[in-house]
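Here the structure comes first, spelled out in structure tokens, and everything after it is commentary.
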Amino acid sequence: MPAQANTQLDTPSTRGRKRAFSTAALDEASDDGGSAESEHLEWEWIYSSDQSEHGEDDGAGDRKRRKVAGNSKIVGARYGDFECRVGDTVMLKADGSNGTWVAIICDFRDDDAVDGMAANFMWFSTEKEIPNKDKKRKDYYWNELYISPSCDVNPLASIDGKATIMSPEAFRRAYPSGKIPRNSPDYGKTFVCRRGCNTRSTTYTDEFVWEEVYQNGQDVPALLEMVEKGTRPTRRKTRAPSPPAGDTYLPPQTPTKTGRNSATTPKSKRGQRSGGKKLEFTPLATRKLSPSQVQSSPFQIARSRLHVAAVPSSLPCREGEFSLVYSHLEAAITEGTGNCIYISGTPGTGKTATVREVISRLEEGVWLDELDDFIFVEINGMKITDPHQAYSLLWEALKGERASPAQALDLLEREFNNPSPRRIPCVVLMDELDQLVTKNQAVMYNFFNWPTLRHSRLIVLAVANTMDLPERTLSNKISSRLGLTRITFPGYNHEQLMKIIQSRLEGVPGNIVDADAIQFASRKVAAVSGDARRALDICRRAVELAEGDAPGDPMTPSRRAPDKGAPEQSKRGRVTISTIKRAINEATTNPIQQHLRGLPLTSKMLMAALLLRIRRSGLAETTLGETLDELQRVAAFGARPPPGMAQILPGLAKGSQAVGRRLVGRPMYIHTAALELVATGLINLEAHRADRSSRLRLAIADDEVKMALRDDADLKAMGLSV
Ligand SMILES: Nc1ncnc2c1ncn2[C@@H]1O[C@H](COP(=O)(O)OP(=O)(O)OP(=O)(O)O)[C@@H](O)[C@H]1O
């Protein structure tokens, strides 16, 4: 059993109280006793010359806290009859279920960051607090603690009585049965210690005799130094990471290996490594294609490399963004601080790919013992049905325990608001943040706010498509208080898209894609969106088309066109500009788009209005009412769009709004259309009810709607051009 023998202290008076630390145990311990009186008790400093006792009593409690004269040193603190001094071992109570922690007082101080009177504590850790299961010792006693080299400042209000630490020998002498009687005042407050442990590097000191190293708390700095020297410190990477370009680093594991696509499942990378399998590096010079690649045709290889789900071996044109994200994360992990990094950019600009690559590199650092361990969890707004599930996913990642969203929120609040010696930093990737925004914005606020709490060590990477989502959903005031670190990913221009496609095709034998075909595809995509996903999709489809065109000859291009001196490849079975044109044409005539184009006018109007609404608000979710308002607004514009709307209503034609207005004027038509669109899987409508307040979102990519309805003459005539 771990050394959490604290149930006795979890008295009814302390149990279940939320927030702030409890001084209940001290109140009970104080002779002043009664709760009415204890409410008037305050912490007071004890100075080396004990001048506080004679300090000017001006009745102001705050003044009492301050030094009253000269250079006297704070050596202790008093709360009623309870006194503690530098070097004392005390219990710190985090209210609720977090248990009681034990620490040695290193020094006292006034600290505005924790609202006044505070102390620096050197923590003990229980066996439970050692996160690395592989390196956890198995030989711990039921009440054993490890003294750790980790210190931090907490308010005096968190002190909850004294603790006693002994060597196992002294404990056996004091309690020959090995148990502390329940009615003993020492029950729940007496522990043994014989080793130090750095819980972040999971290294232990040699065994020692506690009484010898502690020396009644006379020299805490010496004790700290002993533990620091006896364990391995956490380390910052000494070399700067090289950006993920070219062939300078090994590609991370494939999505199927890491399960990266199942992003709604929280996964502690620590947990993943618990199998103990070491990363195996293949030196660059001896890297070989896998057997499946050797057997594949150039077309198959090109197709799989261009697939958007493939993890690219490099991320050209994202070197700057990579370094920024990397350095922020590395600093926060090493310094044990929280941070919230808000990453925005239009779809397909490599936000997710870059973050995942940074995480892979940081994990390499952990494996190489160059960086402290950290937990990583991905929460994808698209893949959870209710935003509040984000709480459960985070709690599970931190503790490996399941909890309902409401329970998890409560537990997380306590966890992040209270000190504890644990705190492996946790990095949360909140992808598709737009989808997580709820009506009262509580989920987003909490995930942005927790990193600001001094105990959280939570690093949130919030990824969204719009730049000002925090301001719009949380107000300027709150979002500026949160002090988000912002990184924007611009759309790719055609040269960058070319580089991205070329880098994916590097090493594909047979040179099956024409350079001007790549350029053509890149220009086409850059003109619309700068979306790498779309560019890759088009090229991949073009490779498929070319594969279909290839001669039936089993001699594939790779065999017929070896690297050097081979005769030029015939145009058949190659990707040319015209193959790209075919692929683009096909992309705009896929079944979803054909279906969209064949919809009745009312349905098309609703889809177009929904798309305009989403674009204007920057939020993936809206309501049926807001969408109807959007529709009405557009229909009411007449021939001239209002200023600022010209870009999103480029094709506004003169007149011809009559039909639209008639339909808009009869919401019943729109409601029926909404239910039909739900039935065909094009939109999601809350509870399948067409009420104004029902939440509404697209069930297909907005690009699909845009491509299908972009040139719709009816919509254009109504000013509903998307
Ligand atoms: N610089 C790049 N080099 C190579 N591949 C890239 C690059 N940028 C993006 N990609 C690829 O484009 C696809 C889309 O990238 P990613 O998912 O990271 O975009 P995103 O900005 O997160 O998009 P969304 O906002 O839609 O989630 C992925 O297959 C990714 O590997």
Side-chain angles (χ1 to χ4, degrees), residues 243-249 251-256 258 260-261 263-264 302-326 341-360 378-383 429-437 461-467 469 487-508 518 521-522 525-526 528-541 614-615 618-620 697-698 700-704 706:
D247 231 355
T248 52
Y249 74 103
Q253 291 170 307
T254 59
T256 41
T258 57
R260 284 176 171 194
N261 289 337
T264 54
R303 270 196 286 115
S304 73
R305 296 263 182 96
L306 290 168
H307 200 291
V308 289
V311 180
S313 59
S314 65
L315 286 176
C317 316
R318 281 296 172 241
E319 292 82 1
E321 291 80 0
F322 175 91
S323 301
L324 263 178
V325 178
Y326 187 99
I341 301 168
Y342 183 75
I343 297 175
S344 61
T346 50
T349 47
K351 302 180 294 295
T352 310
T354 303
V355 167
R356 286 183 177 160
E357 196 45 54
V358 167
I359 297 292
S360 291
E378 247 188 81
I379 299 174
N380 188 315
M382 284 284 247
K383 297 184 181 172
L429 166 58
M430 304 205 67
D431 214 346
E432 313 281 357
L433 186 75
D434 322 49
Q435 308 281 340
L436 280 175
V437 176
L461 290 159
V463 176
N465 287 335
T466 33
M467 240 160 118
L469 190 68
I487 302 176
T488 308
F489 282 53
Y492 294 114
N493 61 30
H494 83 269
E495 278 155 349
Q496 291 175 318
L497 289 174
M498 278 173 67
K499 264 194 196 160
I500 290 168
I501 299 166
Q502 276 157 351
S503 81
R504 294 248 183 162
L505 289 173
E506 234 163 56
V508 175
I518 296 176
S522 305
V525 173
V528 181
S529 61
D531 177 345
R533 189 182 288 114
R534 189 151 290 279
L536 291 167
D537 275 342
I538 287 170
C539 291
R540 192 171 65 95
R541 180 61 191 143
I614 289 171
R615 225 183 288 164
L619 303 178
R697 58 171 69 181
L698 283 172
I700 54 172
D702 53 1
D703 264 17
E704 296 274 12
K706 185 176 162 187

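Being a predicted model, the structure only gives us computed values, none of them experimental. Indexing begins at 1, ligand by ligand and atom by atom, following the structure's order.
- Ligand 1 does not have F489 within reach: every non-hydrogen atom of the residue lies 4.0 Å or more from it.
- Residue-ligand proximity, S314 to ligand 1, at heavy-atom distances under 4.0 Å covers atoms 3 (N), 4 (C).
- For K351, a nitrogen or oxygen atom sits less than 3.5 Å from a nitrogen or oxygen atom of ligand 1, counting backbone and side chain alike.
- Scanning A310, G350, C317, P316 for the heavy atom closest to atom 1 (N) of ligand 1 points to P316.
- Neither the backbone nor the side chain of V463 has a heavy atom within less than 4.0 Å of ligand 1.
- Taking every heavy atom of L536 and a limit of under 4.0 angstrom, the matching atoms of ligand 1 come to 11 (C), 12 (O).
- Proximity of Q496 to ligand 1, defined as any heavy-atom pair under 4.0 Å, is not found for any part of the residue.
- The closest approach between A464 and ligand 1 stays at or above 4.0 Å for every heavy atom of the residue.
- Between E432 and K383, none of the side-chain N atoms (NZ, or NE/NH1/NH2) sits under 4.0 Å from a carboxylate O, so this pair counts as no salt bridge.
- For the ligand labelled ligand 1, residue H307 lies outside the 4.0 Å heavy-atom shell.
- Under the 3.5 Å distance criterion, the side-chain polar atoms of E319 are matched with a main-chain donor or acceptor of C317.
- From the protein, the heavy atom lying nearest to atom 28 (C) of ligand 1 is V308 O, 3.8 Å.
- Less than 4.0 angstrom separates some heavy atom of T349 from each of these atoms of ligand 1: 19 (O), 20 (P), 21 (O).
- The atoms of ligand 1 that sit less than 4.0 Å from any heavy atom of A532 are 9 (C), 10 (N), 12 (O).
- Distances from ligand 1 to the non-hydrogen atoms of P312 include at least one value under 4.0 Å.
- Distances from atom 22 (O) of ligand 1 to the heavy atoms of T352, T354, D537 show the closest one on T352.
- Under 4.0 Å from ligand 1, the heavy atoms of I500 that appear belong solely to its side chain.
- The CG atom of N465 sits 12.5 Å away from atom CZ of F489, with the distance rounded to the nearest 0.5 Å.
- Of the candidates E432, R318, R533, R504, the one placing a heavy atom closest to atom 6 (C) of ligand 1 is R504.
- The backbone N or O of T349 lies less than 3.5 Å from a partner atom in the side chain of Y492, making a donor-acceptor pair.
- Distances below 4.0 Å separate heavy atoms of Y492 from the following atoms of ligand 1: 1 (N), 2 (C), 7 (C), 8 (N), 9 (C).
- Counting only distance, with no hydrogens or angles, the side chain of R504 and the backbone of R305 share a donor-acceptor pair below 3.5 Å.
- In terms of protein heavy atoms, atom 18 (O) of ligand 1 is closest to A353 N, 2.8 Å.
- Annotation: atom 23 (O) of ligand 1 to nearest protein heavy atom, G348 N, 2.9 Å.
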